[in-house]
> 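I am attaching a structure below and will ask some questions about it afterwards.
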Amino acid sequence: MHLKIHLKCRKYEIWALWLFSFVSGLVLLHFSIALILINKEVPQSRGMLYPRESETREVRSLDGIWNFVRSDQTNPTQGVREEWYGKDLSRSRPTIPMPVPASYNDITTDNLRDHVGTVWYDRKFFAPRSWAVDQRVWLRFGSVHYEAYVWVNGQKVVKHEIGHLPFEAEVTHLLNYGAENRITVMCDNALIQTTVPQGRITELPNDDGMTIVQSYTFDFFNYAGIHRSVHLYTTPKTFIEEVVITTNLSKDNVGGEVIYSVKFNGSAVNEADNSLYVRAQLYDREGKLVANGTSDEELCGSLQVDNVNPWWPYLMHPEPGYLYQLEVKLHASNDDLLDVYRLKVGVRTLSWSNATFQINGRPVYFRGFGRHEDADVRGKGLDNALMVRDFNLLKWIGANAYRTSHYPYSEESMQFADEHGIMIVDECPSVDAENYNQELLGKHKSSLEQLIHRDRNHPSVVMWSIANEPRTREMNADSYFQLVANLTRSLDKTRPITAAIATPWTDDKAGRFLDIISFNRYNAWYSNTGRLDMVTKKVVEEAVAWNKHYNKPVIMAEYGADTLEGLHLQPAYVWSEEFQTEVFARHFKAFDILRKKGWFIGEFVWNFADFKTAQSYTRVGGNKKGVFTRARQPKASAHLLRKRYFALARELDDSSFPEDLFTYIADMGKVEENT
Ligand code: GCB
């Protein structure tokens, strides 16, 4: 019932937006003048530990080929009204096969790509008989974009809004054990002014009548569908619901501390029985037990690790990404083992001031990328081959960090970053935020709450990015970002907060709520196009101005130039490989001037790889600012960037050059002798 009301409201909302689109400018202006943003509580996430097998847990994947139906764009709620979830989808509509995980947009040859509104997925699965006894079964989605409604055997299970984040629900009571079950998902990709990110839906006349069009200001394609894995997993009746880890190091980095806090869930446990306890054991990479202990009554405790191997970023230490395994065992008061969960833990500290950012007491200079989860055919669908290739390229090029521009990336890639020592600036899905309103604020805060809940235990996550290019000169931007930053800080005090800002510093109203200023600027591209002689000074001036204005560390979070691979033009001309290379070199010069000032702490190229955008006359098949092509092959600039990143690593972190960094040209000894 609630679902139906919601859908009606949503539809009403969409229709209202269509109807009032012409006067929306005026209306929004009026509202933003009148609006006072109120700080309301956001719902708290629960559970959501990454599904892992153990002696008390089983995990089954529901990935594969599902059945798929698209709704009529003009009638997005038809399937709900007609209860398509009550039987196999194929009995309501002809279905087509659809891979999960994947975006649905680029799979077929028709215009499913630009579909606006709801689509439906279903599939069957068996629940083994053994699951019927003494345990719980959970259904978990890594992410569905943008909004998902889920039914099992025709019964409503869960609804989740905001893409790129996991959600789950208990389905124990809904399953037929030792028999077939059906899971149905309705997914809605519509973005409006109160979604995160925002978009607009308009109705436009076409050759045959009217058509519904989704538009948005952000610069990546609004891929949709079941983007990440779907799992069924079991837990015991009384089980470990959450584990929160923080770590410390002694001043000399020799002693480590792992502080844990566990939450359990279970009606089987008597409320008055507070003698439930946790045994925590920490193993090193070789599987040797290095620390163990028993929790207090609150299920909290700490483990001391002698001669600890701290977690270091790539190239900052010969053994980067060192992870221990923490084994958490939940015991009943009579010592019965109730549940076991294992997770990887990196021991490291972060600290920051108005001039520096440090890991394990050593200053960090970020050299990395803004990225996208994006690939041909599968769109934003999780793809292990692509993920592993990308990490190989990151390491080949000598990067030590990336920003998850402009939304949370897969949990699998966060685990990979932990293992490889790649630092993550973890960004929530707010891009180009504008027309600040109460509903948007609630969802924006919720996206951060869910992100922090999901990623708080990853050593690779070193900073939260609370937005990309919000319109921070707008009315209400200050109170809005104060509330967003306050919430973020209240949820995690161990990491600094940033946002990638493009509003000129003179007009910005958000920077004062951040710990670290990140700015995006496209000198010689969007401003002074083609003018390579107008880069270096401008970058230096702007970074200095941000620092002076806020007295905080500064990162250049985006710079770059679109480049069509294979286009060579000498002298350098926009879109050519020569131009991208030159733009980078002019920035490097600026960064080296800035580095000497102390408070300039990082450079992030836009973008790691070419990616798909909405159709526009400024985008040839998508955004081409990649250092790698969409097929993950290097452009000329990649070779230059590699030399820069390894030179920085040698200068700052004492690491050595890879043997193939420089190509043999001549005997340089002799060349130097003769000059
Ligand atoms: C930006 C945005 C990024 C775009 C980029 C561009 O400032 O943050 O999402 O893709 O510019 O290439 O225009």
Side-chain angles (χ1 to χ4, degrees), residues 145 163-164 191 196-199 215-223 368-375 379-380 402-409 425-434 463 465-473 498-505 507-508 510-511 514 517-530 535 538-539 542-543 546 554-565 574-576 579-580 583-584 587 602-630 635 637 641:
H145 187 77
H164 321 286
L191 300 179
V196 182
Q198 292 160 290
S215 62
Y216 37 85
T217 59
F218 59 83
D219 183 39
F220 55 92
F221 192 75
N222 186 38
Y223 278 116
F369 294 96
R371 295 185 56 200
H372 268 296
E373 286 189 328
D374 171 273
K380 292 199 180 307
Y402 64 80
R403 176 166 62 113
T404 65
S405 42
H406 297 310
Y407 38 80
Y409 289 6
V425 177
D426 208 357
E427 189 157 283
C428 78
S430 170
V431 201
D432 297 2
E434 58 184 353
M463 209 181 292
S465 169
I466 61 175
N468 181 71
E469 299 196 357
R471 311 306 192 213
T472 61
R473 60 153 70 91
T498 194
I501 301 179
T503 304
W505 66 270
D507 300 342
D508 171 63
L514 309 174
I517 304 292
S518 299
F519 74 101
N520 299 349
R521 195 70 61 215
Y522 289 86
N523 290 293
W525 190 257
Y526 294 125
S527 50
N528 307 308
T529 311
V535 174
K538 286 195 175 293
V539 172
E542 180 163 13
W546 279 109
V554 176
I555 292 173
M556 189 159 198
E558 287 185 22
Y559 68 96
D562 281 88
T563 306
L564 196 64
E565 82 258 29
V574 283
W575 287 94
S576 67
F579 188 80
Q580 188 182 36
V583 164
F584 284 13
H587 279 82
E603 51 189 84
F604 287 78
V605 171
W606 190 258
N607 188 285
F608 176 75
D610 293 349
F611 58 91
K612 180 144 178 163
T613 62
Q615 302 189 62
S616 105
Y617 50 77
T618 58
R619 298 282 177 255
V620 188
N623 187 308
K624 300 279 183 192
K625 292 195 185 69
V627 165
F628 297 99
T629 63
R630 204 175 186 213
K635 298 184 190 170
S637 64
L641 192 64

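Counting convention: from 1, in listed order, for ligands and their atoms alike.
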> Which atoms of ligand 1 have any heavy atom of N623 under 4.0 Å away?
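Close to N623: 6 (C), 10 (O), 12 (O).
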> I need the atoms of ligand 1 closer than 4.0 Å to a non-hydrogen atom of R619, numbered in the order shown.
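Once the distances to R619 are compared, the set is 6 (C), 12 (O), 13 (O).
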> Could you find the nearest protein heavy atom to atom 4 (C) of ligand 1 and give me its residue, atom name and distance?
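It is D219 OD2, 3.2 Å.
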> Quick one: which ligand 1 atoms are inside 4.0 Å of a heavy atom on Y522?
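Here the atoms of ligand 1 in question are 1 (C), 5 (C), 7 (O), 11 (O).
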> If you look at every heavy atom in N222 and Y216, which pair is closest and at what distance?
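What the structure gives for the nearest pair is N-OH, 3.0 Å.
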> D508 and T503: side-chain donor and acceptor closer than 3.5 Å?
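No, no side-chain donor-acceptor contact under 3.5 Å.
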> With atoms numbered from 1 as shown, which atoms in ligand 1 lie under 4.0 angstrom from a non-hydrogen atom of F611?
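Those atoms are 10 (O).
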> Where is the nearest protein heavy atom to atom 7 (O) of ligand 1: which residue, which atom, and how far?
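Closest protein heavy atom to atom 7 (O) of ligand 1: E469 OE2, 2.2 Å.
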> When you compare ligand 1 with D562, is there at least one nitrogen or oxygen pair between them that comes in under 3.5 angstrom?
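No; the residue has no nitrogen or oxygen that sits under 3.5 Å from a nitrogen or oxygen of the ligand.
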> Under 4.0 Å from a heavy atom of N520: which atoms of ligand 1 are those, numbered in the order shown and with their elements?
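In order of number, 8 (O).
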> Decide whether D219 and N623 meet the rule of one side-chain donor and one side-chain acceptor closer than 3.5 Å.
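Their side chains do contain a donor-acceptor pair, which is all the 3.5 Å distance test asks for.
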> Considering only the protein, which heavy-atom contact is closest to atom 1 (C) of ligand 1, and what is its distance?
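Closest protein heavy atom to atom 1 (C) of ligand 1: E558 OE1, 2.9 Å.
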> Heavy atoms only: which of H372, R403, R521, H406 lies closest to atom 3 (C) of ligand 1?
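Result: the heavy atom closest to atom 3 (C) of ligand 1 is in H406.
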> Give the residue and atom name of whichever protein heavy atom lies nearest to atom 13 (O) of ligand 1, and the separation in Å to one decimal.
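Checked against all protein heavy atoms, atom 13 (O) of ligand 1 sits closest to Y526 OH, 2.4 Å.
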> Tell me: protein heavy atom nearest atom 12 (O) of ligand 1, and distance?
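Answer for atom 12 (O) of ligand 1: K625 NZ, 2.5 Å.
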> Indicate, as side chain, backbone, both or neither, the part of W525 found under 4.0 angstrom from ligand 1 when only non-hydrogen atoms are considered.
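Answer for W525: neither.
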> Does NZ or CZ of K625 come closer than 6.0 Å to the centre of the six-membered ring of Y522, within 45° of the ring's axis?
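Yes, K625 sits over the ring of Y522.
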